Amino acid sequence: MITIREESFSDFDAREALLDTCFGPARFLKTCERLREGRLPAQGLSLVAEAEDGSLVGTVRLWHVSAGPGRPALMLGPLAVDPALQGLGLGGRLMREALRRARELGHSAVLLVGDAPYYERFGFSREATDALWLPGPYERDRFLALELLPGTLQGARGLVSATGEFQERPNLAVLVAAANANTPPAHRAA
Ligand SMILES: CC(C)(COP(=O)(O)OP(=O)(O)OC[C@H]1O[C@@H](n2cnc3c(N)ncnc32)[C@H](O)[C@@H]1OP(=O)(O)O)[C@@H](O)C(=O)NCCC(=O)NCCS
């Protein structure tokens with residue numbers, strides 16, 4: 001049996017390995033990555049699929065964005081399923097659970113860049129993204145949206161921008177001071 005649950009800190013390595021397998025290093029060049037880098041995902045909306053042996057076989061996360069000025073929304077992605085388990089309904093389970101939780105948490109719209117023939121089954125379409133654009137290159141036909149609250153994206157216009165909380169970064173000054181404290185004076189960093 002495969003369980004869908006919230007991601008925890010210890011899932012980091014397995015999740016990154018799965019994303020490398022599914023997308024390769026080019027994943028960091030995607031325009032959507034510009035909306036994720038340096039930010040935390042939306043609270044409660046990082047999900048993983050875990051197999052009975054404890055291995056991580058699926059991942060999906062959602063991120064806070066603004067769909068044009070002053071219009072809060074979520075950006076979904078990446079969604080990935082272990083290639084050995086694709087086509088068995090797991091992607092669909094991850095999507096439906098992520099959307100259910102997003103709705104329950106009071107979010108009103110979800111955007112994504114992906115294959116319309118896949119995402120249409122969850123209610124995503126191109127209509128609401130006509131007057132929106134992303135901070136980099138993308139294929140217009142793959143820029144999709146789903147209103148969790150009908151009408152949320154009516155009149156949405158402008159650049160989609162990241163609004164998620166910033167990830168905590170290590171304080172460089174503290175790290176250098178700590179390193180210097182353990183280093184003989186002649187070898188200290190300037
Ligand atoms: C896309 C992905 C998450 C789907 O997960 P999955 O568990 O294989 O999907 P499901 O089993 O829920 O659904 C299978 C159905 O989706 C269809 N499907 C899968 N990927 C598709 C795609 N890119 N375009 C259109 N249909 C797709 C299958 O043909 C199948 O159709 P059917 O139900 O008519 O037989 C998975 O294939 C994957 O991880 N791919 C690599 C990473 C990726 O492309 N992620 C999406 C980024 S946009």
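All figures in this text were calculated on a predicted structure; none of them were measured in a lab. The analysis underlying the following values was restricted to heavy atoms, covering all of them including side chains, and did not include hydrogens, waters or symmetry mates. Atoms within a ligand are numbered from 1 in the order they appear, just like the ligands themselves.
Of the N or O atoms in G92, one or more lie within a sub-3.5 Å distance of an N or O in ligand 1. Checked against a 3.5 angstrom limit, the closest N/O atoms of A80 and ligand 1 fall outside it. On a distance-only criterion, Y119 and ligand 1 share no N/O pair closer than 3.5 Å. Of the N or O atoms in V113, none lie within a sub-3.5 Å distance of an N or O in ligand 1. Annotation: C22 places no N or O atom under 3.5 Å from an N or O atom of ligand 1; distance criterion only.
Distance screen at 4.0 Å: atom 2 (C) of ligand 1 has no protein heavy-atom neighbour inside the cut-off. Under the 4.0 Å distance rule, the nearest protein heavy atom to atom 29 (O) of ligand 1 falls outside the cut-off.
In this structure, CD on E6 lies 7.0 Å from CG on L47, to the nearest 0.5 angstrom. Distance check, rounded to the nearest 0.5 Å: CD1 of I2 to CZ of R93 gives 6.5 Å. A distance of 8.0 Å separates CG of L62 from OG of S46, quoted to the nearest 0.5 Å. With rounding to the nearest 0.5 Å, the separation of CG in L76 from CG in L45 is 9.0 Å. Once rounded to the nearest 0.5 Å, the distance linking SG of C32 with CZ of R27 reads 13.5 Å. Taking CZ from R121 and CE from M95, the interatomic distance works out to 10.0 Å, rounded to the nearest 0.5 Å.
Nearest protein heavy-atom neighbour of atom 44 (O) of ligand 1: F23 CE2, 4.0 Å. In terms of protein heavy-atom proximity, atom 27 (C) of ligand 1 is nearest to Y118 CD1, 3.6 Å. The protein heavy-atom contact nearest to atom 45 (N) of ligand 1 is L79 O, 2.9 Å. Looking only at protein heavy atoms, the nearest one to atom 22 (C) of ligand 1 is D115 OD2, 3.6 Å. Taking atom 7 (O) of ligand 1 as the reference point, the nearest protein heavy-atom neighbour is G91 N, 2.8 Å. Here the protein heavy atom with the shortest distance to atom 39 (O) of ligand 1 is V81 N, 2.8 Å. Of all protein heavy atoms, the one closest to atom 34 (O) of ligand 1 is R121 NH1, 4.5 Å. The protein heavy-atom contact nearest to atom 8 (O) of ligand 1 is G87 N, 2.8 Å.
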Task: Residue pair E33, R36: steps toward the salt bridge (Lys or Arg N to Asp or Glu O under 4.0 Å) verdict - done: CA-CA 5 Å; E33 191 60 27; R36 303 191 279 252; 3.2 Å; yes
TODO: Give the C-alpha distance, both sets of side-chain angles, the deciding distance and a yes or no for side-chain contact (heavy atoms from CB on, under 4.5 Å) between Y119 and L79.
DONE: CA-CA 11 Å; Y119 290 104; L79 166 72; 3.4 Å; yes
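Residues Y138 and R140 have side chains that bring a donor and an acceptor to within less than 3.5 angstrom of each other.
Around atom CD of Q86, more than 12 heavy atoms belonging to other residues, nucleotides or ligands sit under 6.0 Å away.
Between R100 and E97 there is a salt bridge, with a side-chain nitrogen of the basic residue lying less than 4.0 Å from a carboxylate oxygen of the acidic one.
Neither the backbone nor the side chain of R27 comes within 4.0 Å of ligand 1, counting heavy atoms alone. Under 4.0 Å from ligand 1, the heavy atoms of L88 that appear belong solely to its backbone.
Side-chain atoms of W63 never come within 3.5 Å of backbone atoms of E37 as a donor-acceptor pair (strictly under, hydrogens ignored).
Closest to atom 10 (P) of ligand 1 by heavy atom, among G58, P117, G89, is G89. Comparing R93, Q86, E120 by heavy-atom distance to atom 37 (O) of ligand 1, the nearest is Q86.
Atoms of ligand 1 found under 4.0 Å from any heavy atom of G114, numbered from 1 in the order shown, are 48 (S).
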